[in-house]
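Accompanying notes for the structure given below.
Atoms considered below: every heavy atom in the structure, side chains included; atoms not considered: hydrogens, waters and symmetry mates. Note that ligands are numbered from 1 as they come in the structure, with each ligand's atoms numbered from 1 the same way.
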Amino acid sequence: MLPDSNGYYGNFGGRFVPEILMGLLEELEQNYNRIKKEKWFKERFKQMLADFVGRPTPLFEAKRLSGKYGFRIFLKREDLAHTGAHKINNTIGQAILAEAMGKTDIIAETGAGQHGVATATACAMLGLNCKVFMGTEDIKRQYPNVERMKILGAEIIPVDSGTKTLKDAINEAIRYWVTHADKTFYLIGSAVGPHPYPSIVRDFQSVIGREARGQIRSKIGRLPDMIIACVGGGSNSIGIFWPFMKENVKFIGVEAGGKGERIDQNAATLTYGKPGILHGALSYLLYDENGNIYPTHSVAAGLDYPGVGPAHSFFKEAGRAEYHSISDKEAIEAFYELSELEGIIPAMESAHAVAYLKKLKGKLSRDAAVIVNLSGRGDKDLGEFEESR
Ligand SMILES: *Cc1c(COP(=O)(O)O)cnc(C)c1O
């Protein structure tokens, strides 16, 4: 069973938090384990994914891209989900869970703003109060997402301490949670954090892989040979991998290699990191010999996180998945290629997964089938992209 009863995936995961948070995490775990099995919960989640998010998202055979690379390429279209990415699957799931636990207030932290928007969206639809903690530096940089959250009725709590970015927003959110725990649910946006969050997020995102399984079977009569997904915290990737876990399907996780043409050793967590503790869990992490976490940087804000979910650290050590990094330049090339060949403008994060296809050219047979998880659409990136050209 993964994770084990203490929240470990092999050597990774667990719950490395101050005593004061232990009780809250135990309450969450007990409630989740009970509620997730209830029929009404499963039905409500499914209904909202269908009617609000627009699921199932299609599995599209990208024929022109396939022609170019010499094997069959299928795109799982999370870019077509409401709000333009997979994050909404998780925020709706956790918001319904919060409601079932009798919590009326949702808090979240956001860096680039994508998780904040997905959380504000779920809260608006369910009539929950929403507070989003955000560093003042990030508020300046991510203005359109700040506006979106406000339009959706969320309250933005500016965090002006430390580096005024995600790390500080997380600290503030936790402080708020501890002091307002009776009414408040802390909604985490990726498959990271202390147990049980990585597993809750994995479960809600697994809808991607479950759908893809049925869809690829009906298209080619068998399972795929390989699945490729980008890895930031690791939620879209674990979501599409998990339902194929026991099958003979190769998993490739693609990390952001950082600035420019070079792969930057301070950017790709699973490629260059080592085990350490961040945000309540033991996992691969980027830090120097003094224990300072590296500031990461990528063209894809969603991949700009110095840690990764514990399930991926386990997959890496167990050899169940391979992790590779793609540079900003390679991702930008793939962004154009997918746009021009298939009429789909991908999110810069997803473009990293698409870019890996090039590395497979000449290595697979013509009838090999590869699924790429297209985690989101590119509209959000156009502003930043113009600047970088
Ligand atoms: C946030 C985001 C990611 C990275 O997050 P994961 O938790 O690793 O999935 C990838 N793609 C898009 C479009 C995102 O918004």
Side-chain angles (χ1 to χ4, degrees), residues 57 75-91 93-94 108-119 121 138 142 144-145 148 166 187-193 197-209 227-242 251-256 267-270 279 281 283-284 296 298-313 315 321 323 325-326 331 334-335 338 344-355 372-382 384-385:
T57 60
L75 305 174
K76 182 59 174 157
R77 300 289 310 275
E78 293 303 293
D79 61 310
L80 294 177
H82 179 44
T83 70
H86 68 290
K87 285 194 173 72
I88 191 84
N89 303 323
N90 169 55
T91 59
Q94 287 192 53
E109 90 290 302
T110 197
Q114 296 301 114
H115 174 55
V117 171
T119 304
T121 302
D138 287 334
Q142 309 291 344
N145 279 336
R148 281 185 193 109
L166 182 63
L187 204 161
I188 290 189
S190 189
V192 299
Y197 280 106
S199 306
I200 292 178
V201 177
R202 173 202 69 195
D203 291 350
F204 291 146
Q205 291 293 3
S206 291
V207 65
I208 305 172
I227 302 175
I228 307 174
C230 65
V231 179
S235 71
N236 84 87
S237 47
I238 201 70
I240 194 163
F241 291 168
W242 195 253
F251 297 161
I252 306 280
V254 183
E255 299 188 290
T269 314
L270 284 158
H279 303 147
S283 197
Y284 271 74
T296 54
S298 160
V299 269
L303 302 183
D304 218 349
Y305 178 68
V308 69
H312 291 289
S313 294
F315 277 4
Y323 297 88
S325 40
I326 286 292
F335 172 92
L338 190 67
I344 299 170
I345 302 178
M348 212 37 99
E349 291 83 358
S350 322
H352 284 72
V354 176
V372 178
N373 199 22
L374 213 66
S375 55
R377 62 175 175 243
D379 316 32
K380 70 179 177 61
D381 297 319
L382 297 182
E384 188 179 356
F385 198 55

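If you check which protein heavy atom lies closest to atom 4 (C) of ligand 1, you get G302 O, 3.3 Å. The protein heavy atom nearest to atom 3 (C) of ligand 1 is K87 NZ, 3.6 Å. Nearest non-hydrogen protein atom to atom 6 (P) of ligand 1 is S235 N, 3.3 Å. Ranking the protein heavy atoms by distance from atom 12 (C) of ligand 1 puts S375 OG, 3.5 Å first.
If you number the atoms of ligand 1 from 1 as listed, the ones under 4.0 Å from a heavy atom of C230 come out as 10 (C). Near A347, the atoms of ligand 1 lying under 4.0 angstrom from a non-hydrogen atom of the residue are 13 (C). In summary, the atoms of ligand 1 found under 4.0 Å from a heavy atom of S190, numbered by their order in the structure, are 6 (P), 7 (O).
A donor-acceptor pair is defined here as one N or O able to donate and one able to accept, closer than 3.5 Å; no such pair exists between the side chain of T119 and the backbone of T91. Within the 3.5 Å criterion, the main-chain N or O of A347 finds no donor-acceptor partner in the side chain of K380. Between the side chain of D138 and the main chain of L166, a donor-acceptor pair closer than 3.5 Å is present. For E255 (side chain) and T269 (main-chain N/O), a donor-acceptor pair under 3.5 Å exists by modelled atom type. Here the side chain of S375 pairs no donor or acceptor atom with the backbone of H86 at under 3.5 angstrom. When atom types are taken as modelled, the side chain of D381 and the backbone of A300 share no donor-acceptor pair closer than 3.5 angstrom. Of the possible polar contacts, none joining the S237 side chain to the A229 backbone as a donor-acceptor pair under 3.5 Å is found. In this structure, N373 contributes its side chain and E78 its backbone to no donor-acceptor pair below 3.5 Å.
For ligand 1, the polar-atom distance check finds no N/O of K380 at less than 3.5 Å from any of the ligand's N/O atoms. Checking only distances, G232 does come within under 3.5 Å of ligand 1, N or O to N or O. The distance criterion of under 3.5 Å between nitrogen or oxygen atoms is met by G234 with respect to ligand 1. Looking at ligand 1, you won't find any N or O of G376 less than 3.5 Å from one of its N or O atoms. Checked against a 3.5 angstrom limit, the closest N/O atoms of Q114 and ligand 1 fall outside it.
Using a non-hydrogen distance threshold of 4.0 Å, H86 registers as a contact of ligand 1.
Using cut-offs of 30° and 60° on the angle between ring planes, the pair Y323 and H312 is perpendicular.
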